[in-house]
Amino acid sequence: MDLQKMVPPYRIKVVEPIPFLTTEERRRALTEAGYNPFNLRADQITIDLLSDSGTGATSSAQEAAAALGDESYAGARSWFRFRDEVHDLTGYSHILPVHQGRAGERILFTSLLKPGQICISNTHFDTTHANVKLVGAEPRDLPCPAAADLDSPDPFKGNIDLDALEGILTGPEGHRVGLVLMTITNNGLGAQPVSMANLTAVRDLCRRHGVPFFLDGARFAENAWLVSQRESAYRDWTPRQVATAAFQLADGCVVSLKKDGLSAIGGFIGLRDDALHAACEANLIATEGFSTYGGLAGHDLERLAQGLREVVDPAYLRARAASTARLARLINDAGVDTIQPAGIHALYLNAGRLLPHLSPHEFPGHSLGCQLYLDGGIRCAELGSLYLGSMDDQHRLVTPAPFELVRLAIPRRVYTDTHFEYVAAVLADIAKDPERVRGYRIVSSPHLLRHFKVRLAPVEATGTAKSQGVRFTAVGNGKG
Ligand code: F0G
C-alpha cells in the first residue's frame, strides 16, 4: 500500500476552540432548546455534525485569493475568475451566480416549470422539493429499488429507477413532465452516488421525450470520486474529468457551492439555452443581485474559484472518503448500523434498528440524536418520522417515515480522526444499553418545515405513544 495515500494533503494552520460542557449543562441546554438541536447555540456543542453545508474549513490559498476580492458592483475581476473556473469545470455557456443553492432552485424553477407540471428526481432535497411546490408543480421521487435496502452494498444506490422514469415519460402523465433533476450525490438517500451509466440513460430518455435534464450538483466532486472508485469504465479518469463529463450530459445544473465549493456561501446556475438564461437572469437581477455577483461579495467569488480547484484534488477526495469510511467502520464495530455502503459527506445511523423499544411515535431517530447530545455534546439531524412522517392537527404521527435514521454530516477539513473516534465511542456507549434512550413527544410544532422549529419533551416511563396502543415494530428497522 502507498502509505502517502492515507494522509490528507494539508496541515492545519488556524484552529477554533470547541466547547466542552458538563453533563448537567448539556441537559439544561437541551431542555431550554425544547429538545430540538436546531435551537442549540453553537457554543453549547462539542462536535457539530448537523450539516456539511457552509461548515468546511477554507485553505490559505482561498484566504489569499479573498484578499484580492474585487467589490465593483458590475463586471468585477472576481466575477470573471469565478465564471471562467465554473465554465472550465462544467462546460455550460451561461453561468449565473447565486448566494446559495436554494436561490438557484427558486430562480430556475420559476423560469422553467409551469403549475401542474411534474419534476422527477432520484430524490429531491427538502428545499428543492419545497421550491418545486412553490411554483405549483409536483415533485416526484423515483429512487432505484436497491435504495430501499439499507444494508445492501450496491455501489450506486443513488441512481434513479430508469424503468419507472420511462414508464412515466411514455405513459398518460408524460406530457406533464417539465423537468428531470438528478441529485448527485443523493443526500436524501444516504449520500449514495449516481453512476455515469444511470446519468447517461437519463439523458437519453429525456432527449427522446424532449424533457429538460438538469443536475443538482451540490456534491458533484464527491459523486465523481465515487464513480472513479466504483464504476469500472471510469477507473482511469480524474475526479475532475468525471465531474465535467457528468455536467456535459445535462442541459444545465443548479449547484449549492456551500458543499463542494469549499466555502461558507455561494452557488450557481449553469445553462445552455439562451432563452432560459435570459429569463433566469432577469429574475436573478430582480431578486438576488446583478448577474456578475448574484448576492455574493467579490471575496466570496474568489474563495469559490479557488475552492473549486481544490475540491477535485484526488488526494483530498481520497482522504475525505477514507475518513468517513473509517468512522463508519468504528460505528458499525460498536454495533450501530449505518446505510451501506458508506458515502462521503454523511453517515446515516439506523436508529430504528438500534432502538426497537421505541415506536415511530416516540421518534427513535430524534431520540438517538438527543442522546448523542446529552452524552457527548454531538449535534446531528434526524431523518425519520419527525422530519418525514405525516401528522394530524394534534401533531400526532399518522404515517411514519419508511426508516428511522440519524444523519451525521461531516464538515470538510474540520474534524480529525480523533474527533471521530470520540463520536464512535459515545455511540458505542449508547449501543451497550440502548434501552436507556427515552422517546419524545411533540409539544408544539409549526405546520411548515416542522423539524426546524418543533419543540418536544421526553416521553415518561408510562409512554404517551404506547398509550395510543399502536406499535410499528416492523417499520424503521430497514429489514423491510
Ligand atoms: N441540494 C442538495 C442536494 C442539498 O443537500 C442542499 C442543501 C441544497 C440543494 C440547498 O442548498 O443550502 O445552499 O441552499 N443541503 C444542506 C444539508 C442544507 O445540510 O444537507 P443551499
Side-chain angles (χ1 to χ4, degrees), residues 37-38 42 48-56 96-109 119 121-134 139 141 143 147 158-160 179-194 199 214-224 226 243 246-247 250 252-270 284 287-288 294-296 300 303-304 307-308 311 324 339 343-348 369 379-383 387-388 405-412 414 449 451-452:
F38 275 100
D48 201 346
L49 306 182
L50 185 64
S51 179
D52 66 317
S53 182
T55 52
L96 293 170
V98 289
H99 83 274
Q100 66 180 96
R102 66 198 73 180
E105 292 162 6
R106 179 182 54 74
I107 290 169
L108 179 70
F109 299 160
C119 178
S121 180
N122 48 345
T123 310
H124 293 82
F125 178 66
D126 60 5
T127 60
T128 324
H129 188 274
N131 275 301
V132 170
K133 289 187 91 161
L134 278 173
D141 292 341
N159 284 352
I160 199 166
L179 176 65
V180 175
L181 181 74
M182 290 293 288
T183 310
I184 61 170
T185 56
N186 195 335
N187 183 24
L189 274 179
Q192 300 296 310
V194 179
L199 291 178
F214 273 63
L215 294 183
D216 172 349
R219 298 175 183 86
F220 70 88
E222 295 179 356
N223 200 77
L226 293 172
F247 284 120
C253 68
V254 56
V255 176
S256 165
L257 289 175
K258 299 181 68 169
K259 290 85 170 164
D260 279 350
L262 295 179
S263 300
I265 200 78
F268 71 92
I269 305 170
L284 176 80
T287 60
E288 279 276 295
L296 294 164
D300 296 324
R303 280 193 192 87
L304 288 163
L308 286 171
V311 78
T324 304
I339 295 188
I344 298 184
H345 84 273
L347 291 173
Y348 298 65
R379 176 160 75 167
C380 46
E382 190 250 19
L383 280 180
Y387 171 56
L388 289 168
L405 303 171
V406 174
R407 186 184 77 165
L408 306 183
I410 317 284
R412 293 167 181 78
V414 168
L449 295 171
H451 54 294
F452 289 117

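Computed over heavy atoms, backbone and side chain alike; hydrogens, waters and symmetry mates excluded. Along the sequence shown, residues carry numbers from 1. We count ligands from 1, going down the list as the structure has it; atoms in each ligand are counted the same way.
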message = Tell me the protein heavy atom at minimum distance from atom 9 (C) of ligand 1, and give that distance in Å.
response = Glu105 OE2, 3.2 Å
ask   = Under 30°, 30 to 60°, or over 60°: which ring-plane class applies to Phe38 and Phe452, parallel, tilted or perpendicular?
value = perpendicular
task = Heavy-atom distances under 4.0 Å are what count here, so tell me which part of Lys258 touches ligand 1: side chain, backbone, both or neither.
result = side chain
message = Ser51 versus ligand 1: do any nitrogen or oxygen atoms come within less than 3.5 Å of each other?
response = yes
inquiry  = With nothing but distance in play, are any N or O atoms of Arg219 less than 3.5 Å from an N or O of ligand 1?
reply    = yes
request  = State whether the shortest distance between N or O atoms of Asp52 and N or O atoms of ligand 1 falls below 3.5 angstrom.
outcome  = no
query = Below 3.5 angstrom, do we get any N/O pair linking Arg407 and ligand 1?
reply = yes
note = Quick look: His124 vs ligand 1, heavy-atom contacts under 4.0 Å, and the answer is neither
task = Answer yes or no: is there an ion pair linking Asp52 with Lys259, defined by an N-O contact shorter than 4.0 Å?
result = no
message = Does the residue Lys259 have a heavy-atom contact with ligand 1, meaning some pair of atoms that are separated by less than 4.0 Å?
response = yes
request  = Please determine if Gly101 has a nitrogen or oxygen closer than 3.5 Å to a nitrogen or oxygen of ligand 1.
outcome  = yes
Heavy-atom side-chain proximity of Arg412 to Glu222 below 4.5 angstrom = yes
ask   = In Å, rounded to the nearest 0.5 Å, how long is the span from OG1 of Thr123 to CE of Met182?
value = 8.5 Å
query = Which atom pair, heavy atoms only, marks the closest approach of Pro97 to Leu296?
reply = CB-CD1, 4.4 Å
